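Here the structure comes first, spelled out in structure tokens, and everything after it is commentary.
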Amino acid sequence: MAKRAQGPGDSTRAVHGGERDHQATDAVTTPIYQTSTFWFRNSEELRRFQEGKIRRDEYGRYGNPTWRAVERKLCSFEGAEAAVLFASGMCAATTIFLALLPKNSHLVITSDCYRRTRQFIRQYLTKLGVETSVIDPADTKQLADAIRDETAIFFTESPTNPYLRVIDLKEAVKVAHARGVKVMVDSTFASPVNHRALGHGADLVIHSATKYLGGHNDLLAGVALGSTEAIAPIREAVGVLGGVTDANSAYLLLRGLKTLSLRMERHGDNGLRVARFLEEHPRVRRVWYPGLESHPDYEVARRLMRGFGGVVTFEVDADLEGTCRFIDACRIPYIAPSLGGVETLIEMPAIMSFWDLTPEERLKLGITDSLVRLSCGIEDSHDLIADLEQALAAVLQSA
Ligand SMILES: *Cc1c(COP(=O)(O)O)cnc(C)c1O
């Protein structure tokens, strides 16, 4: 398992990181600063602020003390110098691409990737003349071949969605950096508890904080982390593009983060137990979970990750209708998009995230009719397994 630097443990950082810097009150919790702007006592204070002699907040789009606390806590967690919070995970990705990709530059991404990110690249980045090459997640040789003189960024998820491929980041970073290409990792499926991409040499890490970081299916937010130098142009860009989070969501995120390492332990335990159960079940064709020896990236995952999370992807031994009957028969999971929250969620990519594609287009992306993505929450594993067992039996009876 991946080792960690010295210092406070994950749970201590989770509870205390970033929060003791608000001076106005002695509240133990960080207040929700419900304000859009901040006042100056006089023109002298304003001048000193503009000259950089004092640091303070000015206007809500540039900073709010509640979200600054979240940024500090996340820095502590991820081992980053700087962080910037966004209104959503998509906002983090799109703001960074707009901030960092020069006109007519080139981007390399991996094939297994959040659908909307791919859509942004196809529909919007092409307008700026940015070309994109798509490579197989596991193949650093393809990465080397794809890089051109004008390549600015290699972007990948790790683990990926929905097949949970784990990138050998040390190798990828070596290849990219040798050619002057920045490495950006969407680490949403791992969370900083299970994987710290910056520690493996990545230049930037993003998370959809909507998922594990918030953890309670009750907020939307995103975050980017990296060195002070790497984050500076991104902070500037969010001030221009305006995709900032609000103080209430920031507070919910701060509160959710305090239990992140506890939750990740249970998500990972449930994920592994459920994956093992499904792998043995005769009505399940195949299971993808990086903690199973059968997963193509099992060895890489063991080397780079501390745990494997709650998401388990599998194929039911049934057609589209049979798979629908299976998810309908599940009693604990909600049929819903998203992942990483305390409630178990189940989805069928063929009729959810990839609904608008033809069956042929779906197959090209490896999305079959019987594919199911389960995000195990923090319920008791024996209840989850018993529920899946009765739902699979229901498919068997009606087949
Ligand atoms: C959900 C998700 C996103 C988008 O995040 P939002 O907070 O929904 O905007 C991006 N990447 C991955 C891997 C995700 O799971």
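Quick caveat, the model's predicted, so the values are computed rather than measured. Just so you know, ligand 1 is whichever comes first in the structure, and atom 1 is the first atom listed for that ligand.
Clustering of Ile, Leu, Val, Met, Phe, Trp and Tyr side chains at separations under 4.5 Å places Y163 together with W288, F354, L357, L365, I367, L371. Within the hydrophobic cluster formed by Ile, Leu, Val, Met, Phe, Trp and Tyr side chains joined at under 4.5 Å, directly or through other members, V342 is accompanied by I378.
Between the H281 side chain and the L388 main chain, no donor and acceptor come within less than 3.5 Å of each other.
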Could you go through ligand 1 and list every pair where one of its N or O atoms sits under 3.5 Å from a protein N or O, giving the atom names and the distance to one decimal?
| from | atom 1 | to | atom 2 | distance (Å) |
| --- | --- | --- | --- | --- |
| ligand 1 | 5 (O) | S208 | OG | 3.0 |
| ligand 1 | 7 (O) | G89 | N | 2.8 |
| ligand 1 | 7 (O) | S208 | OG | 2.8 |
| ligand 1 | 7 (O) | T210 | OG1 | 2.6 |
| ligand 1 | 9 (O) | G89 | N | 3.1 |
| ligand 1 | 9 (O) | M90 | N | 2.8 |
| ligand 1 | 11 (N) | D186 | OD2 | 2.7 |
| ligand 1 | 15 (O) | K211 | NZ | 2.8 |

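Look at E45 and R48 and you find no salt bridge, because none of the NZ, NE, NH1 or NH2 atoms lies under 4.0 Å from a carboxylate O. Checked for salt-bridge contact, R115 and D356 meet the test: a charged N lies under 4.0 Å from a carboxylate O.
With sequence neighbours excluded, the residues forming a side-chain contact (heavy atoms from CB on, under 4.5 Å) with A69 are T30, R72, L254, listed by chain and number.
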